[in-house]
Protein chains: 2
Amino acid sequence: MREYYSITELTREFDISTRTLRFYEDEGLVQPVRRGRTRLFRPSDRHLIRQIMRGKRLGFSINEIREIIQMYRAPPGEVGQLKLMIKRIEEKREDLRQKRRDLEETLAELDQAEESCVERLVELGVNT
Amino acid sequence: MREYYSITELTREFDISTRTLRFYEDEGLVQPVRRGRTRLFRPSDRHLIRQIMRGKRLGFSINEIREIIQMYRAPPGEVGQLKLMIKRIEEKREDLRQKRRDLEETLAELDQAEESCVERLVELGVNT
DNA sequence: AGTTCAATTGACTTTTACGTAAATCGCGTG
DNA sequence: CACGCGATTTACGTAAAAGTCAATTGAACT
């Protein structure tokens, strides 16, 4: 496991810009350490970026992604906080389950659409 | 099956604003008929709105949603067009499959996070 | 006819998530 | 040391997707 990654290494790996990574730092999503003014990203930052990209692909906003990331962190020490966090996690899970239903429905409709196209091709006597 | 829905009926049903529905009309996503200047939405428009909301929840942009909606429509008559459409559909499906992978991974991590919280509660001797 | 209440239109504003440009900094090489 | 080159900072810009506001306009009761 490498100790540090430069900003451009990560922009290449995740196909994002330096502006984007600095923006995520401003937003508190990652906290690279500094050598002088230069940012050094640790493996944990890299993992966070991976989670951020996942969240983005799922259509979550930066704020929602921030919330989700906080859930992955070490659980709080106080009982009330713990129960609150469990509730939040359950909410996000319900959110994701809704997305999953949406996804399956959309996939099913696309399947149907493709079938119609293939049928039409067959009607036209095209060798599929 | 009802013949027409008013704009406010639909804003209530889908919890969106009239501005939003008019915006979708400007964008060509729905085409309600008019009685004078008043918009009358048909069941097909209602179904389209349902698909739009699904697309939005999945994080698709308006343009992407437009593309997807066009795929649901009657397949084109020309062979080249048909093959192109099948290719597009396959691309969207791949997109959705990626989203599904992201979704499952995120759900798995949330499961883990919740487990940590519950464990911590048990450590603290809380009756779950 | 008067009033009320939803609907329309158009203009302007807002929020999110970055993009872009300009100036500066720091460091390794010839 | 001059130079190049990547990284940083600061500030302004922008596209998408609506939200908001104001001025009308029907439509429908009474």
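Proteins come first, then strands; the chains are lettered A, B, ... in the order of their sequence lines, and each starts at number 1. Remember, predicted model here, so these are calculated numbers, not experimental data.
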Any donor-acceptor N/O pair, B/Thr20 side chain to B/Ile16 backbone, under 3.5 Å: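 Checked: no pair found.
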
Under 3.5 Å, is there a donor-acceptor pair between the side chain of A/Ser116 and the main chain of A/Gln112?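 At least one qualifying donor-acceptor pair exists.
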
With a 4.0 Å cutoff (strictly under), does any side-chain N or O of [X] reach OP1 or OP2 of [N]?
X       : N     : value
A/Thr38 : D/dG6 : no
A/Arg39 : D/dT9 : yes
A/Arg34 : D/dT9 : yes
A/Arg22 : D/dT9 : no

Taking any heavy-atom pair under 4.0 Å as a contact, classify A/Ile7: base, sugar-phosphate, or nothing.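 Answer is sugar-phosphate: A/Ile7 comes under 4.0 Å of backbone atoms only.
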
Nearest-Å distance, [atom1] ([X]) to [atom2] ([N])?
X       : N      : atom1 : atom2 : answer
A/Asp26 : D/dT8  : CG    : P     : 12 Å
B/Met53 : D/dA17 : CE    : P     : 13 Å
B/Leu10 : C/dA6  : CG    : P     : 16 Å
B/Leu40 : D/dA27 : CG    : C1'   : 13 Å
B/Glu9  : C/dC5  : CD    : P     : 19 Å
B/Phe14 : D/dA18 : CZ    : P     : 14 Å

Could you run down nucleotides 12-29 of chain C 5' to 3' and tag each one B, S or - for protein heavy-atom contact under 4.0 Å? -----SBBB----S----

Show the nearest heavy-atom pair for residues A/Glu27 and A/Ile62, with the distance to one decimal.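 Where A/Glu27 meets A/Ile62 most closely, the heavy atoms are OE1-CG2, 3.9 Å.
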
Please check if any side-chain donor atom of A/Gln51 sits under 3.5 Å from a side-chain acceptor atom of B/Glu109, or the reverse.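 The criterion, which ignores hydrogens and geometry beyond distance, is satisfied for B/Glu109 and A/Gln51.
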
Please tell me whether B/Thr11 and B/Thr8 have a donor and an acceptor in their side chains that are separated by less than 3.5 angstrom.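 There is no such pair between these side chains.
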
Both conditions, 6.0 Å and 45 degrees, for the charged tip of A/Arg39 above the ring of A/Phe41: are they met here? no

Spacing of CD belonging to A/Glu67 relative to NZ belonging to A/Lys92, to within rounding of 0.5 Å: 4.5 Å

